[in-house]
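Structure first, then comments.
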2 protein chains.
Amino acid sequence: MKNSESQNNKAQRVSPQTIKRLPAYLMYLQKVAQKGDLSISAPRMGADLEADPTQIVKDLSVTGIKGKPRVGYNVTELIHTIENYLGFNKNNEAFLIGAGKLGQAILSYHELQGFGIRILAAFDIDESKINQSYGNVKILHFKKLGELANRLGISIGILTTPSDKAQEAAEAMVKSGIKAIWNMTSVRLELPKHVIVQNTSMYADVAILLKDYNDSEA
Amino acid sequence: MKNSESQNNKAQRVSPQTIKRLPAYLMYLQKVAQKGDLSISAPRMGADLEADPTQIVKDLSVTGIKGKPRVGYNVTELIHTIENYLGFNKNNEAFLIGAGKLGQAILSYHELQGFGIRILAAFDIDESKINQSYGNVKILHFKKLGELANRLGISIGILTTPSDKAQEAAEAMVKSGIKAIWNMTSVRLELPKHVIVQNTSMYADVAILLKDYNDSEA
DNA sequence: AATATATAAAGAAAAATATCTTTATATAAA
DNA sequence: TTTATATAAAGATATTTTTCTTTATATATT
Ligand SMILES: NC(=O)c1ccc[n+]([C@@H]2O[C@H](COP(=O)([O-])OP(=O)(O)OC[C@H]3O[C@@H](n4cnc5c(N)ncnc54)[C@H](O)[C@@H]3O)[C@@H](O)[C@H]2O)c1
Ligand SMILES: NC(=O)c1ccc[n+]([C@@H]2O[C@H](COP(=O)([O-])OP(=O)(O)OC[C@H]3O[C@@H](n4cnc5c(N)ncnc54)[C@H](O)[C@@H]3O)[C@@H](O)[C@H]2O)c1
């Protein structure tokens, strides 16, 4: 009953919109911290991010942090609290499946570690790619996935196979013990309910972009 | 007055959620068409996509299409109507700025044409990349952007420079006449109001994935 | 120490979105 | 042809999310 989240296990669900805004606050706060500011107020954040300050306060409150009237929030405390809330400060260990164009880009995408994802190995079926490395991550044969996932206790998988191989690859991932899949393909995966799937489908963003653009032209 | 959108200019705003769902319907419908089915009902779609059929009907209605009771929608007509509504059937010509790892992946990402985006050229400042081609798209020097955008009348730009160069590159794009930017960097761009910016920020999706995953573990 | 004030917190209201209910209708079956 | 039925369309309700309003409080100022 004390502070919203932490105490209560059946804590009322936090809206995905709020969760999606938190990383944007984080990036902003890192710039603020770099500037040397020790505290930051919601109105200030709102002005800089062109967002409603009360919404910012509401969003931040889900992490359990408290601000001080007339001062705002302690910047470093706020950063740590959000990172902790989102799991960005952990090393959430993951495998990448399908080391093609996009896969290789992601393997070299070191910013991802700042978002709590650490890729330990990549897997592919293309023999010519096996044992190559990108961004210090080695590509192994897909058939080794099960054994390694099991041995290292990996439960997060990033799926970047071609779309027409996504379903079968995902099923193999689940069989290997992967519990959460970040699906970069444009395919809707049909998997057991207990598997967590997060789709990053560019086409939704393209749709918004083109709609906004074409409407503005009309 | 005939069909909702097209006629009326002040057509009541369509929610982004609806627009983001339409491409998913499209992909599903393409599979249905491939199977040879001529018509599809909202309840059928709802069952397959695990979505509320009435929401599907509402979503589809924004395109102006009409279904027939006891039959459903004509599949090919529905596909064409959605594609047309989203602009996926046009060749929306675009430039890509920053032909690095992610940029090259996108240049070879031919599925993008199915979403109405046609990349005509890429631009970079790295001399070693100039005149190389990926996915049949040539990389030109960034300083040629303005002239070419002007000559070819390009107003859509895909931004894939490093994050710390994103703001300056975006400003140059706007100066070159780019009106809509698909921003793949993790940076919040500060641009004139009239510029349409669509952010594809992976970190929002990562946040949801990790939250869902870590909550499920707890 | 007293007072004023900026700001967070909490709660209320409004807006947006999703779901449910009813109605109308096209088609299939009798 | 008539009737039954599945389904789309339209409208109503419920839920969720955002924005607005009020209240409480920590700090700065006098
Ligand atoms: N390229 C992009 O910019 C981009 C952007 C958005 C989404 N995507 C999506 O990402 C996915 C990959 O795209 P890409 O351009 O990197 O394709 P790609 O063909 O370059 O890479 C796919 C890789 O997966 C491997 N693979 C195939 N079957 C496999 C299996 N069963 N198990 C493991 N690995 C397997 C292939 O050998 C290849 O190396 C596609 O679904 C695409 O829609 C790509
Ligand atoms: N790599 C990924 O998988 C990935 C995923 C998501 C987001 N991103 C984002 O995409 C962006 C690019 O990532 P990347 O991994 O491709 O980086 P990269 O360094 O491989 O590529 C960046 C390219 O931009 C060019 N460039 C630099 N300044 C430029 C300028 N002013 N004008 C034109 N071109 C310029 C560089 O020469 C380079 O070729 C980053 O902001 C990153 O955060 C990358």
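All values reported here derive from a predicted model rather than from experimental measurement. Lettering follows sequence order; numbering is per chain, from 1.
Because its NZ or CZ atom is both nearer than 6.0 Å to the ring centre of A:Y85 and within 45° of the ring axis, B:K211 counts as a cation-pi partner of that residue.
Closest approach of A:A169 and A:L159 over heavy atoms only: CB-CD1, 3.9 Å. Across every non-hydrogen atom of A:I56 and A:A42, the tightest pair is CD1-O, 4.1 Å.
A side-chain donor-acceptor contact under 3.5 Å links B:T185 and B:N183. Between B:N74 and B:T76, the side chains place a donor N or O and an acceptor N or O closer than 3.5 Å (distance only, hydrogens not considered). When only modelled atom types and interatomic distance are considered, B:N84 and B:K90 share no side-chain donor-acceptor pair under 3.5 Å. B:Y73 and B:S41 share no donor-acceptor pair across their side chains, judged by distance under 3.5 Å alone.
OP1 or OP2 of D:dT27 lies within a sub-4.0 Å distance of a side-chain N or O belonging to A:K68. Taking side-chain N and O atoms only, A:Y73 has no distance below 4.0 Å to OP1 or OP2 of D:dA26.
Taking atom CG of A:L78 as the reference point, atom C1' of C:dT7 lies 15 Å away to the nearest angstrom. In this entry the distance linking NZ of A:K20 with P of D:dT18 reads 12 Å, nearest Å. Distance CD1 (B:I40) to C1' (D:dA8): 14 Å, rounded to an integer number of Å. With rounding to whole Å, B:L60 atom CG is found 13 Å from D:dA10 atom P. Straight-line distance from the CG atom of B:N74 to the P atom of D:dT7: 16 Å, rounded to whole Å. Summarising the geometry, the separation between CE on B:M45 and C1' on D:dA8 is reported as 13 Å, rounded to the nearest angstrom.
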(request) Produce a footprint string for nucleotides 15-25 of chain C: one letter per nucleotide, 5' end first; B if the base is under 4.0 Å from any protein heavy atom, S if only the sugar-phosphate is, - if neither. (result) --SSBBB---B
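Counting non-hydrogen atoms under 4.0 angstrom, B:P53 reaches nothing in the nucleic acid.
Not less than 6.0 angstrom separates the ring centroid of A:F123 from the ring centroid of A:F142.
The side chain of B:A42 lies closest to D:dA8 when the candidates are C:dA9, D:dA8, C:dT7.
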(message) Let me check I have this right: for DNA chain C, each base becomes ., (, ), [, ] or |, based on Watson-Crick or G-U pairs with both distances under 3.5 Å. What is the full string?
(response) ||||||||||||||||||||||||||||||
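For B:K68, the side chain to side chain contact (heavy atoms under 4.5 Å, CB included) criterion is met by B:V71, not counting sequence neighbours.
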